[in-house]
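First comes the structure, then the notes that go with it.
As a basis for the values below, the full set of heavy atoms in this structure was taken, side chains included, without hydrogen atoms, waters or symmetry mates.
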Amino acid sequence: MTIINRKENIVYQRIPSPRWITASLLALGITTPALAQDDDPIKVGILHSLSGTMAISESTLKDTVEMLIEQQNERGGLLGRELEPVVVDPASDWPLFAERARELLEQEEVDVIFGNWTSVSRKAVLPVMEELNGLLFYPVQYEGEESSENVFYTGAAPNQQSIPAVNYLHDQVGVERWVLAGTDYVFPRTTNRILEAYLKDEFGVADEDIMVNYTPFGHSDWQNIVSEIKRFGSEGKKTAVVSTINGDANVPFYRELGNQGIDAADIPVMAFSVGEQELSGIDTGPLVGHLAAWNYFMSVDTDANYDFIDAWIEYNDDEEVVTNDPMEAHYIGFNMWTEAVRKAGTTDVDAVKDAIIGVSVPNLSGGYATMMPNHHITKPVMVGEIQDNGQFAVVWETPSTVAGDAWSDYLPDSRDLIADWRKPMECGNYNVEEGECMGSDAEEQAEEALSED
């Protein structure tokens, strides 16, 4: 395993890599056995924060990919070659994600990257992935409004998490007032724009029945905000909190809910970024009954899930470790990538991009995940209720898997857009009304996301 921890301001000279040479020759129809049958390890980049505010969530994902690589090597590797993890720490620093991604692609010459959690970090990386033609598997639920040729989104789009969760609260719990509470960055802001439009269009919710609140990463003083939520929920209408709070800010948020006696029966919290890993650092007794929407829970009752849990416990040599939804997303993404490499017979990026569309692999809940032409996958949607042991009891789920929608039907700028990376369209934002592809705006997205953070 290679671990990169370079000092800043080092200038590297870029030279053509064997991977680039191989891709060029393949494009010309020229085979080169010495290169194509290279015995060198296949390098797998891992781009997750191991320090900073997001380490509470991302460190586990680094370990997950390393375990999957170890298992694959035990099965003989891939294309007869061993896989080698190359780990970097972007340290919860969004611009640093782009620098580390560039190091992985240019200096380490990795064939694929598994990484990122926050949308602002993903936006920062997008221009690098497109410029250098890398492959990124992104394992976390996100706000949609994106489809890149170089990214495969194995976490949930809004129609696979936030929209079904709101439907559950409205239809099953009878919620009429809505607190949209999130960390102040692109995922919560865009998700809440979609949800505000959805609540008004579908359920006729009035402006005064929607409260929106944003806090910085790592926010710790929740007393006043929780007091305001409590007041908002005491005005005669059933109220719920829809939470897009990320990272270690969740610990004091949930603690303050308990301190102020907010019971799930009165004001339930539906979280989109809290899973088993985040709950492992909290006394969950006062939180029993609060909810989360994901596409996987550790409590899922399937043989595949039990096998995964057993392997995770053995890998960590710790009976107390937990699994969570983004881990399953990496499990799915990793297996999709290896299957696409086998199908293509090469790790060449363009060949893998073509081969992976339509690939289906087992998920951990007893079904299959399929890579769609928009680079999103099919997923079941589940609502889980927090138990006093830090696990979730599944209280609702979709009858079948749901295909991820890259563009929301509830935002005027995106309702006419579709994504399809198959020939001849090969476009992530095709406007069906205007009949044209809008093209990549990765640089603009990165600048906007970083400036708003």
Side-chain angles (χ1 to χ4, degrees), residues 116 118-120 122-123 126 138-149 151-171 178 180-205 207 210 212 214 242-244 246 270-273 293-295 329 371-381 383 398 401-421 425 427-442 444-446 448-449 452:
N116 297 81
T118 68
S119 285
V120 65
R122 187 193 70 256
K123 296 285 189 186
L126 267 181
Y138 177 66
V140 183
Q141 86 292 349
Y142 87 119
E143 69 283 356
E145 308 306 294
E146 181 182 301
S147 179
S148 171
E149 181 180 8
V151 179
F152 296 94
Y153 306 81
T154 57
N159 72 307
Q160 297 172 308
Q161 186 190 38
S162 56
I163 296 294
V166 163
N167 287 341
Y168 173 84
L169 288 172
H170 180 270
D171 298 342
W178 305 83
L180 308 181
T183 301
D184 192 10
Y185 77 109
V186 62
F187 163 57
R189 284 195 299 262
T190 307
T191 297
N192 287 342
R193 282 175 50 223
I194 293 170
L195 290 181
E196 281 193 81
Y198 183 77
L199 290 170
K200 293 173 182 178
D201 292 351
E202 296 296 320
F203 303 138
V205 177
D207 286 339
I210 301 175
V212 181
Y214 296 109
V242 177
S243 171
T244 47
N246 266 252
M270 175 73 77
F272 299 160
S273 299
W294 291 101
N295 311 104
M371 182 61 70
M372 307 302 289
N374 63 2
H375 285 190
H376 293 64
I377 69 173
T378 58
K379 302 172 79 74
V381 187
V383 173
T398 51
T401 57
V402 177
D405 189 355
W407 300 100
S408 173
D409 295 334
Y410 299 97
L411 297 179
D413 292 339
S414 61
R415 60 170 54 107
D416 294 330
L417 301 181
I418 62 172
D420 190 331
W421 288 106
M425 181 177 289
C427 178
N429 52 7
Y430 185 84
N431 189 305
V432 296
E433 288 295 316
E434 299 180 8
E436 65 176 342
C437 183
M438 309 307 290
S440 173
D441 60 351
E444 292 84 352
Q445 289 187 52
E448 182 179 357
E452 291 181 354

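Ring centroid separation for the pair His375 and Tyr153 does not come in under the 6.0 Å cut-off. Here Phe203 and Tyr198 bring their ring centres to under 6.0 angstrom of each other.
Among the candidates Ser273, Ser119, Ser162, the single residue satisfying the side chain to side chain donor-acceptor pair (under 3.5 Å) test with Gln141 is Ser273.
Within the 4.5 Å cutoff, the side chain of Asp207 has heavy atoms near those of the Lys200 side chain. Here the side chains of Glu143 and Thr244 are not in contact, with every heavy-atom distance at 4.5 Å or above. The shortest side-chain heavy-atom distance between Asp405 and His376 does not fall under the 4.5 Å cut-off. Proximity of Leu169 to Val383: side-chain heavy atoms (C-beta onward) are nowhere separated by under 4.5 Å. Looking only at side-chain heavy atoms (C-beta outward), Arg415 and Trp407 stay at 4.5 Å or farther from each other. Looking at Trp178 and Leu195, their side chains never come closer than 4.5 Å, going by heavy atoms from C-beta outward. Arg122 places none of its side-chain heavy atoms less than 4.5 Å from the side chain of Val140.
Gly155 and Ala329 make their closest contact through N-CB, 4.4 Å (heavy atoms, listed as atom of the first residue, atom of the second, distance). Between Pro373 and Asp420, the shortest heavy-atom distance links the atoms CB-OD1, 3.4 Å. Between Ser147 and Asn374 the shortest heavy-atom distance is OG-O, 3.0 Å. The heavy-atom pair separating Leu417 from Asn429 by the smallest distance is CD2-O, 3.8 Å. Smallest separation of non-hydrogen atoms from Tyr142 and Pro158: O-CD, 3.5 Å. In terms of heavy-atom proximity, Asn295 sits nearest to Gln160 at ND2-O, 3.0 Å.
Side chain of Asp441 to main chain of Glu444: no donor-acceptor pair is present (N/O by atom type, distance under 3.5 Å, no hydrogens or angles). With Lys379 contributing its side chain and Thr154 its backbone, the two residues share a donor-acceptor pair below 3.5 Å. Panel note: side chain Gln161, backbone Phe272; a donor-acceptor pair is recorded below 3.5 Å.
Salt bridge status for Lys123 with Glu448: absent, with no side-chain N to carboxylate O gap under 4.0 Å.
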